Amino acid sequence: MIRAHVLICGGTGCTSSNSPAIAKALEAELEAKGLQDEIKIVHTGCFGLCALGPIMIVYPEGIFYSRVKVEDVPEIVEEHLLKGRPVQRLVYSDPAKNAIVSGDITSLSETRFYKSQKRVALRNCGVIDPENIDEYIAMHGYEALGKALTEMTPDDVIKEILDSGLRGRGGGGFPTGRKWQFAKASVSDKKYVVCNADEGDPGAFMDRSVLEGDPHAVLEAMAIAGYAIGADEGYIYVRAEYPIAVARLQIAIKQAHEYGLLGKDIFGTGFNFDIKLRLGAGAFVCGEETALLTSIEGNRGEPRPRPPFPAVKGLFGQPTIINNVETFANVAQIILNGAKWFASMGTEKSKGTKIFALGGKITHTGLVEIPMGTTLRTIIEEIGGGCPNGKKFKAVQTGGPSGGCIPASLIDTPVDYDTLTAMGCMMGSGGMIVMDEDNCMVDIAKFFLGFIVDESCGKCTPCRIGTRRMLDILTRITEGKGQDGDIERLEELANTIKATALCGLGQTAPNPVLATIKFFRDEYEAHIYEKRCPAGHCKALARYTIDPEKCKGCSACSRKCPVNAISGVVKSPFVIDQNKCIKCGTCLETCKFGAISKK
Amino acid sequence: MKSLEELAKIRERMAGKVALREGENSIRIVVGMATCGIAAGARPVLNALVEEVAKQGVSDKATVSQTGCIGICQYEPVVEVFEPGKEKTTYVKMTPEKAVRVVAEHIKGGKPVVEYTIGNTII
């Protein structure tokens with residue numbers, strides 16, 4: 001009889017920090033102690049606190065261990081699992097609380113990281129074994145599908161989704177119910193349901209975590225969508241770079257088939273539904289819905305003009321709905337708990353919760369799910385734990401290369417679709433890259449634009465050539481060759497690209513540049529007119545100087561300088577020849593007297 | 001899967017197996033498992049409790065866990081029952097046989113087995 005469960009994260013984050021080896025060691029140790037029949041090891045999906053991985057949770061106590069190493073396993077087994085004394089030194093302690101008293105054993109739900117969260121789409125991630133359909137069913141899995149098929153008409157299902165106010169979580173924010181309505185209204189004997197799992201925004205990984213931690217939730221929702229619009233076939237387009245997600249989806253599809261939850265005559269209602277996987281080769285543009293469909297059809301992933309929208313003429317020319325993974329992860333919950341329950345969370349126009357992937361200069365890198373309308377301050381300071389090393393928070397980039405940055409002065413902005421769009425940013429898929437005082441905003445804009453230039457499919461001119469020209473100007477600015485009028489040129493190009501590009505990728509590509517110009521124009525001006533990088537990040541603009549007061553004339557820097565740019569007479573102050581200097585920073589590291597500074 | 005009943009059956013079968021991970025507002029049965037407890041025979045008590053909780057069908061409302069030394073070593077094996085919103089009950093000098101009764105009368109029936117509690121046991 002099982003008396004305790006040890007949950008080990010098997011998401012990509014913890015897998016790369018060696019969680020499989022820990023699970024193996026644990027298994028061997030339990031056997032050695034004869035505890036294998038009392039204690040069960042459960043491989044779960046992502047808990048969200050990736051920065052602290054590998055993560056292990058022991059139930060029923062709910063003791064939360066972080067950064068577990070293979071060497072810690074015998075101690076955990078001996079002390080905790082055998083004798084019932086949690087290993088204090090491995091127990092996660094909240095950085096905000098310094099007291100290490102016995103009451104400090106923080107169970108996961110008590111941590112500041114989890115307290116403000118509301119887990120709907122991630123409800124099963126880190127709770128169930130994603131490779132075991134029975135555990136999903138125990139958490140009321142497939143009940144929503146059963147309810148929809150036996151008690152509801154397709155119109156009832158669509159009305160429920162419509163009333164819930166669920167909007168597309170992939171970035172567009174289009175009402176999901178409306179999309180389904182259009183597809184249902186299209187007359188055809190063949191329709192498709194497609195799940196967009198081609199998550200490509202730098203820094204976003206919520207779709208991966210849902211697929212890895214709760215794959216059945218997506219399968220169930222796709223079947224519900226199929227019933228609602230009259231489709232009997234679904235495709236999941238998932239990145240080949242997500243091997244764990246792909247493997248778990250394959251297992252999940254197989255198990256659902258064995259139980260008859262996919263396939264023919266589901267729940268004896270005569271409804272048939274089947275799901276196929278398609279692996280994307282990692283092109284960013286394939287996350288754009290029309291390019292994704294083209295890719296599934298076996299062609300080069302390029303977007304096509306809309307209209308006709310996929311709901312009318314989509315995959316193989318048939319009516320199709322395309323929803324993002326996170327959108328689907330909400331569907332079964334809405335059917336089970338009702339539209340009213342879902343609409344009670346969030347703001348007037350953005351209902352429910354949203355998952356954000358916190359990355360960059362933040363203490364708790366990881367995944368958080370919060371009600372819409374939560375302020376940035378709560379997300380970054382309270383849940384994320386602020387910037388590490390006492391640095392000052394400067395801005396956060398939302399929506400990846402399609403979004404924009406929000407400066408520290410607007411930290412009390414509530415996060416929802418419309419507020420962010422009004423600010424010229426975008427919620428996007430939910431990547432949040434936090435930047436501190438050391439980040440140069442011009443360089444950030446350059447980074448995202450560089451990404452777009454690499455990923456542009458090249459079909460339309462504004463995106464192919466326009467973004468390249470913008471990148472040229474930005475590169476020039478960061479290299480200290482900026483010219484008067486560059487900001488205006490960037491703005492003009494940006495607005496033209498926004499107005500004329502073929503697909504969403506191109507239309508939103510200039511956003512990072514426009515947003516940084518809007519909020520950090522002074523940084524652009526400093527680069528162009530003063531040839532200075534205020535954050536001290538742009539190498540070409542850095543200036544190393546020797547303070548003659550502090551210099552002892554020891555000649556250490558001069559001997560280390562790879563280009564012999566430092567000269568002087570021993571025991572009197574040295575000088576750096578700015579024309580020769582390659583700004584490598586070696587002198588700064590070498591000087592023992594703090595005489596060299598970087599500006 | 002031909003009917004909702006089949007699905008419900010799987011859920012019921014699994015409910016006891018995952019309930020362990022929810023355990024928020026449920027009853028906690030805690031066994032003292034320090035050296036003193038183990039030496040006095042806490043392990044068979046723990047096993048009996050775990051088995052009985054499952055057998056008597058109360059795994060959805062009670063979880064069995066262990067703790068260290070409670071400080072009353074002469075009374076070991078000690079079992080404490082924590083119920084939300086109530087004073088805890090401390091059972092002392094426990095045996096597997098007593099454990100069966102505690103689960104049946106206290107956990108299932110809601111009435112503590114007074115004669116096993118600390119106040120009624122003389123050393």
Side-chain angles (χ1 to χ4, degrees), chain A residues 1-7 34-35 37-40 42 44 57-63 79-86 102 107-109 124 126-129 132-143 145-147 149-151 256-263 265-269, chain B residues 1-24 26-39 42-56 59-70 77-80 82:
Chain A
M1 196 51 216
I2 303 293
R3 64 174 167 84
H5 287 184
V6 181
L7 274 57
L35 293 172
D37 297 329
E38 291 177 29
I39 290 162
K40 184 179 173 191
V42 184
T44 69
I57 300 189
V58 182
Y59 284 100
E61 302 98 315
I63 301 286
E79 285 295 307
H80 187 166
L81 299 175
L82 194 68
K83 294 184 187 153
R85 291 189 293 232
S102 58
S107 94
L108 201 56
S109 48
N124 284 336
V127 179
I128 64 165
D129 177 352
N132 184 345
I133 189 171
D134 285 350
E135 293 210 351
Y136 179 66
I137 292 174
M139 297 298 188
H140 298 274
Y142 289 105
E143 230 177 277
L145 177 61
K147 183 178 169 187
L149 292 183
T150 56
E151 297 169 18
H257 263 287
E258 283 165 8
Y259 274 32
L261 292 163
L262 285 178
D265 195 21
I266 300 168
F267 285 117
T269 57
Chain B
M1 195 71 55
K2 289 289 162 257
S3 66
L4 279 172
E5 288 78 55
E6 268 182 74
L7 191 69
K9 229 180 265 167
I10 298 176
R11 195 173 57 246
E12 272 160 34
R13 171 165 63 78
M14 289 301 295
K17 295 187 182 162
V18 289
L20 211 55
R21 284 170 235 164
E22 291 166 345
E24 289 238 321
S26 64
I27 304 175
R28 286 198 306 130
I29 309 171
V30 180
V31 185
M33 289 281 282
T35 305
C36 50
I38 294 172
R43 180 150 289 280
V45 173
L46 177 80
N47 291 343
L49 283 169
V50 171
E51 268 165 38
E52 284 306 312
V53 163
K55 218 195 283 173
Q56 302 192 26
S59 48
D60 54 331
K61 62 175 191 178
T63 59
V64 181
S65 63
Q66 37 181 349
T67 187
C69 180
I70 298 169
V78 174
V79 173
E80 292 192 302
F82 295 84

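Fair warning: this is a prediction, and the values are worked out from it, not measured in the lab. By convention in this document, chain letters (A, B, ...) are assigned in the order of the sequence lines, proteins followed by strands, and residues within each chain are numbered from 1.
One finds the CG atom of A/L82 at 8.0 Å from the CD1 atom of A/I39 (value rounded to the nearest 0.5 Å).
Contacts of A/T150 classified as side-chain contact (heavy atoms from CB on, under 4.5 Å), with partners at least two apart in sequence or in another chain: A/T269, B/L4. Residues satisfying the side-chain hydrogen bond (donor to acceptor under 3.5 Å, both in side chains) criterion with A/K83, sequence neighbours excluded, are A/E78. Listed by chain and number, the residues in a side-chain hydrogen bond (donor to acceptor under 3.5 Å, both in side chains) with A/D134 are A/Y259, B/R13 (sequence neighbours excluded).
Heavy atoms closer than 4.5 Å to chain B are found in the side chain of A/V42, but not in its backbone. With a threshold of 4.5 angstrom between heavy atoms, A/H80 approaches chain B through N, CA, C or O but not through any side-chain atom. Within the 4.5 angstrom heavy-atom criterion, atoms from both the backbone and the side chain of A/E143 approach chain B.
A/E135 places a side-chain N or O within 3.5 Å of a backbone atom of A/D129 that can act as its donor or acceptor partner.
In plain terms, the two heavy atoms of B/R28 and B/S65 that are nearest each other are NH1-OG, 4.2 Å. Across B/I29 and B/A62, no two heavy atoms sit closer than the pair CD1-CB, 4.2 Å.
Of the charged side-chain nitrogens involved, none lies within less than 4.0 Å of a carboxylate oxygen, so that B/E6 and B/R11 do not count as a salt-bridged pair.
Counting heavy-atom pairs closer than 4.5 Å to chain B, the top-ranked of the candidates A/L7, A/I133, A/V58 is A/L7. The residue among B/N47, B/V30, B/V31, B/I38 with the most heavy atom pairs within less than 4.5 Å of chain A is B/N47.
The stretch residues 48-56 of chain B places B/V50, B/E51, B/A54 near chain A, each with some heavy atom under 4.5 Å from a heavy atom of that chain.
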